[in-house]
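Chain naming here is simple, since letters A, B, ... match the order of the sequence lines and numbering starts at 1 in each.
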Amino acid sequence: MDYQFKDIEQKWQQFWADNQTFKAEDKSTKPKYYVLDMFPYPSGAGLHVGHPLGYIASDIFARYKRLKGFNVLHPMGYDSFGLPAEQYAIQTGQHPAITTEANIATYRRQLDQIGFSFDWSREVRTSSPDYYKWTQWIFMQLFNNWYNKDADKAESITKLVAHFEVSGSAGLNAVCDEEAASFTAAEWKAKNNNEQQEELLKYRLTYLRESTVNWCPALGTVLANDEVKDGFSERGGYPVEQKKMMQWSMRITAYAERLLQGLDKIDWPEPLKEMQRNWIGKSIGASVKFPISPSQPSPEGRALNEADNKVSPTGGDLEGGAIEVFTTRVDTIFGVTFLVIAPEHELVAELTTPAQKAEIDAYIAQTKKKSELDRMADAKTVSGAFTGSYVINPLNDEKVPIYIADYVLAGYGTGAVMAVPSGDQRDFLFAKHFDLPIIPILDTQNITDEADPTKEGKYINSLFINGLVYKEATAAVVAKLEELGLGKAKVNFRMRDAIFGRQRYWGEPVPVYFKDGLPHLISESDLPLLLPEVDKYLPTESGEPPLGRAEGWAYTAPSKSPPVGETSPSHEAGNYRETADPVYYEQLKDYSRENRNQPTPAEDILWQFLRKEQTGFKFRRQHAIDQYIADFVSLEKGLVIELDGHHHRLSKEADDARTEILNHFGFEVLRFANDEVLQNPQKVFEKVKEKLEALPERDKTHFIGDQKVSPTGGDLEGADGAEYAYELSTMPGWAGSSWYWYRYMDAHNNKEFASKEAIEYWKDVDLYIGGSEHATGHLLYSRFWNKFLKDLDLVVEEEPFKKLINQGMIQGRSNFIYRVFFRPWGGELFEDADSVKKTTPPLFASFSLAQKIKNGELLSDDIKELITEQLGEHAADKYNISQVAFVQRSHVDVNIVQNDILDIQQFKAKYLREYPEAEFILEKDNYICGHEVEKMSKSKFNVVNPDDLITRYGADTLRMYEMFLGPLEQSKPWNTNGIEGVFKFLRKFWRLFHNEAWAFTVSDAEPTKAELKSLHKIIRKVEEDVERFSFNTSVSSFMIAINELTDLKCNNRKVLQDLVVVLASYAPHICEELWTLLGNQAGTLSYATYPKFNPAYLVEDEFAYPISINGKTKMNLNISLSLEPKDIEAFVLANTDVQRYLDNKQPKKVIVVKGRIVNMVI
RNA sequence: GCUCAGAUGGUGGAACUGGUAGACACGCAGGACUUAAAAUCCUGUUCCCGUAAACGGAGUGCGGGUUCGAUUCCCGCUCUGAGUACCA
């Protein structure tokens, strides 16, 4: 029978599934090998032809390793939490779990038909409770640990508490928040539980802290740095802004050095390692404190500082009297002529003198207006402002002015730099602009036009380092600074802690509840904390994450009532603490602050009337009451004023519910429409005044201290089994993918994330294949979590992925058609030409004709001639051919184009409605399409679906063709054109086993020398190629081998049987079929033995030496390989043809490389 | 700007440690079979000069260098792609 790929492939896929052929053994005497693919997010679009590229490569490798006698773990699963399913849920109301389930089914079907050798018994899904139970469990371990720098590893929080109890914060070398306080053991013991918890939170490896985050309003969530590209969200491309919020973070910075060092020990692509190094961004330098010159720190400075309700961080006040900078060139300290601090620097207000205040305020206002993008675009213009204050250079006592400028970033180093205009180009430009001195500090420096950052030469103008060279000078300066107690050598990292919370629904719930505003872990026995059902997948009306909608989303304390904590810290007094529901307090505080900072125009106007007690009563705006944020409220009178049309306002019912609750808490609600306020604010103001006068004092009995009303209506007070609200954020997408490779080792364990034995057997991933887009996300976080788990002795390897390969991106190859228009004027087609489009029947010109029309080489008359010639006598009549011709290009579905030739029949059927009565002007009887390489996407009609190709050619052909396309790591455009060649090859291979009548026929004769040579060549070649991941070249070699054996008319059983094993990892279905036809037991091929290469079969006794003259090959001569160079030289020189080339002259020199070449110099 | 990767026929690409540049495949051209088309098979196919062949010349982004010999090593440059960016 001819090669019936469809039947064969279905048969074997069924067989593998039924027999669990690829199930890895948990224990084995064989050596282990772990081949892992980056598991996919199951998107609704299904797989396109680019997705399986890496999977095919890893599958070939896994199958090859099985043949080489390894116990191979080759699993697959789904990274099934994520945004698209949730966005879809928001639009349609369909639960993300249902969408995800459906998408996974599609993925599974598509993966199965490619014939992968995955061990599906170990499948994982990050969104399955069995799985995310352990993601939550690992989160809990992170919460329960801190980083001890002395031990250089994570240690239990109980150990930290023990340290505090014995010696307070003294002698502790920990990675922690900057605000961590110093205290003695006695002070520690004097703290109450909440205060202690608050302090411990500053050390935990996952912690809650107010931090500047990337907020994406369109997605309604924060994003990690690696999820933001150029100021836009990676998913969806929405704008991202900076914002302060209470957020969960992961203290990945604790591992910065280990993450950096580990890169040297793993076999990863260099560019990828480089990206991680840049991301970690280690710079070695020094920190220096510049004492503030005692002249005249502004007395109003402090009063003007709005952030009064914040505790000033240590060292951030004038008592210490110094500004700390970080520099990588401490040797240039004598060249410092000014200091620059970030506009957001905490000392700005205090340093600003009254005389400079206006200028500084204006500058700050100006920078605030600039978006991140503007700031980047503006990089070249110099801007800044003088504060009026000075610091003292500690090494030469010079008075140095302090400026603010936005080229200094608040988030890096200390947010302050010492400016050395002679050595740094930005400082140089700044100095020129503000006319500040520029002092050369090295005798080799040339600073006439620009800064010279050289380290060469000897120091000048630099007191005690004059005459020294760079290394000596740096050491001397650091030593001096240390002596003075004003500086020390310091290492800085660019990497920030990773933001961990997401204000979204479809993710792992954080196993945390809040008590007295502090996070507490739930009990381990309550894991998994299941994702609750919600009515909608949107934020609540008060702006809380979707989980805020879940009913009863609260933790029931397992035993007796927890001790009632102290009331809020004093600096919160006078705020809305007393009216807000304490459970939501922290969150509400953030949202209300955000709202205050972004008032709507109507709010702004109304506020002008209500502020400063103009009504006779004090009003607060964006004030939290219970779970809501009121637009304006008078607490004395209990009057809430609400404006409609604020961005988070939803429906009438919601408003009514809100009014009811507010009434319940003793508030009257007054509502105004935005337009009312905008059109007649005076009238609104009068109404407010009237109402205030009519109202009695508010009844405050609802809010007494921390005695609270539960958000769900139940009464918490003092009862056993009291309820505390759960965290409302969920975990980010990278949580589940940061440890999944361990779950595959022991996927069904319900006692541990994976058993000790399983981890000790499988250890780590030997080969990991995936895209480089995960360089600073998944791959960095995974290394971080792995190191953490290693510190806890839960895993055995420091690095999770020994070898990693990035498969290249498959780009799309779009095809274009060219529509011809005629109209009275020429040039491009604009939108206004719609009428022309509609009234003219579609006429398309083949590619090169279209080019000629575009270039004016083919005019209307020529076109008419072509139409008449190709379409008939009067065909041209329906076009306005007397007018000027021009063309418009549009995408055409690549699936109806083959080798750039358009299938006109299919086109007419497909585009019947869009282009009725379409006509085509052909070249050489074909319609040739234009082409271009673009991203593969639906909108470009260039998506090639693997299903179609499998239907047409089969999975084996697809697998081999994807490999044949080019080197695995290289990005390349998809082009289906060559696939026929691979298909022909497989047919030819099938043919070897069959006679003319397609009957299976093999001979049992002894193989000939030539047959064995071909066979062993390919045995060796595939071995070499697979080991170095050069899959494309082995496909070529297979073709060569089959071509040779076809020429030899080989149907020798021994040769063919080995050949089947060699090809089996590339084209498993056809090989399984032939393997059984050869008389082997079905299904044994996957665990057969790879044939042993025998070099004896490749030994030649002659070699066709290339004979070259002056390096140019002239001819070949067959010479016995037993001849030594001397004899070869004599033999070659004796040859008459050689003599002819030499013109009978004696060559100056003859080079003979045995088995390679003969070269003569004349 | 910085860092990294890359540049070879009409196309995808091969040439592994410096040793016959263009393997393998697509495409194209010609031919066989066929009433015809498809499919299949055969031959040719880097470019230039030459009627064809023999033969000759050029040739791996550009310019130089090392070498008997360079796609491969070194120096300088151009272009393309990726990452990153006032990081002190």
Side-chain angles (χ1 to χ4, degrees), chain A residues 229-230 269-279 281-283 285 325-330 332 340 342 375-376 378-382 405-409 411-420 423-427 429-430 453 492-494 772-773 775-776 806 808-809 811 813 899-901 924 931 961 964-967 969-982 984-985 987 1021 1024-1025 1028 1030 1032-1043 1104-1116 1147-1153 1155-1162:
Chain A
K229 297 272 181 284
D230 298 326
E270 201 47 50
L272 197 85
K273 290 200 210 176
E274 199 60 30
M275 276 165 74
Q276 292 210 347
R277 283 193 195 102
N278 287 339
W279 189 261
K282 180 180 183 177
S283 46
V325 303
F326 174 76
T327 175
T328 52
R329 287 295 302 275
V330 73
T332 64
V340 188
R375 211 161 142 165
M376 282 195 273
D378 252 21
K380 269 155 219 128
T381 43
V382 176
D406 64 3
Y407 83 80
V408 176
L409 304 175
Y412 182 75
T414 59
V417 301
M418 59 177 224
V420 184
D424 182 287
Q425 185 59 19
R426 283 169 328 216
D427 296 347
L429 293 172
F430 197 86
N492 227 344
F493 291 96
R494 197 179 75 100
S772 60
E773 67 272 19
T776 51
N806 291 129
M809 256 248 297
Q811 295 141 307
R813 188 178 185 278
N899 293 332
D900 290 337
I901 297 169
K924 294 179 186 166
H931 63 88
Y961 183 60
F964 187 59
L965 225 44
E969 306 204 23
Q970 197 172 299
S971 285
K972 54 235 159 187
W974 178 265
N975 187 346
T976 310
N977 289 355
I979 199 167
E980 300 269 355
V982 174
K984 277 188 227 164
F985 153 76
R987 250 188 110 210
K1021 178 73 175 159
E1024 284 172 359
D1025 285 353
R1028 64 190 170 98
S1030 177
N1032 57 326
T1033 49
S1034 14
V1035 178
S1036 302
S1037 307
F1038 280 128
M1039 291 174 172
I1040 296 169
I1042 300 307
N1043 287 346
Y1105 278 89
I1107 311 298
S1108 55
I1109 292 170
N1110 290 339
K1112 292 268 172 218
T1113 309
K1114 296 292 175 187
M1115 59 185 289
N1116 285 343
K1148 279 188 210 141
K1149 195 174 173 187
V1150 180
I1151 295 105
V1152 179
V1153 184
R1156 285 241 187 239
I1157 201 168
V1158 178
N1159 188 22
M1160 285 167 287
V1161 189
I1162 49 171

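Within the nucleic acid shown, A:Val1153 comes within 4.0 Å of at least one base atom, counting heavy atoms only. In this structure, A:Lys273 reaches neither bases nor backbone, as no heavy-atom distance under 4.0 Å exists between it and the strands shown. Residue contacts for A:Pro967: at a heavy-atom cut-off of 4.0 Å it reaches the sugar-phosphate backbone alone, with no base atom in range. At a threshold of 4.0 angstrom between heavy atoms, the contacts of A:Asp427 with the nucleic acid are absent. Nucleic acid contact class of A:Gln970 (heavy atoms, under 4.0 Å, all strands): sugar-phosphate only. At the heavy-atom level, A:Thr1113 lies under 4.0 Å from the strands shown only through sugar-phosphate atoms. Base contact: A:Ile1151 has a heavy atom under 4.0 Å from a base atom.
For the pair A:Asn1159 CG and B:G18 C1', the interatomic distance rounds to 13 Å; values are reported in whole Å. Going from atom CG of A:Asn278 over to atom C1' of B:U3 covers 6 Å, rounded to whole Å. In this structure, A:Arg1156 atom CZ and B:A15 atom P are separated by 14 Å, rounded to whole Å. Between the P atom of B:G81 and the CD atom of A:Glu773 lies a distance of 19 Å, rounded to the nearest Å. We find that CG of A:Leu272 is positioned 14 Å from C1' of B:U3, with the value rounded to whole Å. Rounded to an integer number of Å, the gap from CD of A:Glu980 to C1' of B:U40 is 12 Å. Atom CZ of A:Arg277 is separated from atom P of B:A5 by 12 Å (rounded to the nearest Å). Spacing between atom CD1 of A:Ile1109 and atom C1' of B:U20 amounts to 14 Å, rounded to whole angstrom units.
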Working note: A:Arg277 + A:Glu270, criterion salt bridge (charged side-chain N to carboxylate O under 4.0 Å, His left out); need CA distance, chi angles, decisive distance, verdict.
CA-CA 10 Å; A:Arg277 283 193 195 102; A:Glu270 201 47 50; 3.2 Å; yes
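The side chain of A:Tyr412 contributes an N or O atom lying less than 4.0 Å from OP1 or OP2 of B:A88. Distances shown here put every side-chain N or O of A:Lys972 at or beyond 4.0 Å from the OP1 or OP2 atom of B:G12. A sub-4.0 Å separation between OP1 or OP2 of B:C26 and a side-chain N or O of A:Lys984 is present. The side chain of A:Asn977 places no N or O atom within less than 4.0 Å of a non-bridging phosphate oxygen (OP1 or OP2) of B:U11. Contact annotation: A:Asn1043 reaches the phosphate of B:A25 (side-chain N/O to OP1 or OP2, under 4.0 Å).
Set against B:G19, B:C16, B:A88, the side chain of A:Ile1157 has B:G19 as its closest nucleotide. Minimum atom distance to the side chain of A:Thr1033 is reached by B:A15, of the listed B:C68, B:A88, B:A15. In this structure, of B:A88, B:C16, B:A14, it is B:C16 that holds the atom nearest to the side chain of A:Arg1028. Taking every side-chain heavy atom of A:Arg494 into account, B:C87 is the closest of B:C16, B:C24, B:C87. The side chain of A:Val417 approaches B:A88 more closely than any other nucleotide in the set B:U20, B:A88, B:C87. Side-chain proximity of A:Arg426 to the nucleotides B:G83, B:C87, B:C24 is greatest for B:C87. Of the candidate nucleotides B:U40, B:C86, B:G19, B:C86 has the atom nearest to the side chain of A:Leu409.
Put simply, CD1 on A:Ile1107 and CE on A:Met1115 are 6.5 Å apart, with the number rounded to the nearest 0.5 Å. Separation of atoms CZ (A:Phe964) and OG1 (A:Thr1033) is listed at 10.5 Å; rounding is to 0.5 Å. A distance of 6.5 Å separates CG in A:Asn806 from CD in A:Glu969, rounded to the nearest 0.5 Å. The distance from atom CG of A:Asn975 to atom CG of A:Leu965, rounded to the nearest 0.5 Å, is 8.0 Å.
Contact detail for A:Ser1108 and A:Ile1157: the closest heavy-atom pair is OG-CD1, 4.0 Å. Contact record, A:Phe326 with A:Thr414: N-OG1, 3.8 Å, taken as the closest heavy-atom pair. The heavy-atom pair separating A:Met418 from A:Val330 by the smallest distance is CE-CA, 4.4 Å.
Counting heavy atoms from C-beta on, the side chains of A:Val1161 and A:Ile1151 come closer than 4.5 Å.
Going from the P atom of B:A37 to that of B:U43 covers 22 Å, rounded to whole Å. B:U51 and B:C73 have their P atoms separated by 42 Å, with the value rounded to a whole Å. Here the separation of B:A25 from B:U46, taken at their P atoms, is 15 Å to the nearest Å. With P as the reference atom, B:G83 and B:G76 are 27 Å apart, rounded to whole Å. For the C1' atoms, the distance linking B:A85 with B:U20 amounts to 48 Å, nearest Å. Rounded to the nearest Å, the gap between the C1' atom of B:G10 and that of B:A5 is 26 Å. To the nearest whole angstrom, the two P atoms, one in B:G22 and one in B:G27, are 22 Å apart. Of the C1' atoms belonging to B:A21 and B:A14, the separation is 10 Å, rounded to the nearest Å.
A:Ser283 and A:Asn492 are not linked by any side-chain donor-acceptor pair at a separation below 3.5 angstrom, with hydrogens and angles left out of the test.
One N or O on the side chain of A:Arg329 and one on the backbone of A:Pro453 form a donor-acceptor pair closer than 3.5 Å.
Residues A:Ser971 and A:Ser772 each lie close to RNA chain B; by heavy-atom proximity, the contact nearer the 5' end of the strand is made by A:Ser971. The 5' end of RNA chain B is approached more closely, in terms of each residue's nearest nucleotide, by A:Glu270 than by the other of A:Gly415 and A:Glu270.
In RNA chain B, the stems built from three or more successive Watson-Crick or G-U pairs (distances below 3.5 Å) are B:1-7 with B:78-84, B:10-12 with B:24-26, B:27-32 with B:40-45, B:46-48 with B:56-58, B:61-65 with B:73-77.
Under the 90° criterion around 0 for the glycosidic angle, B:G13 counts as anti.
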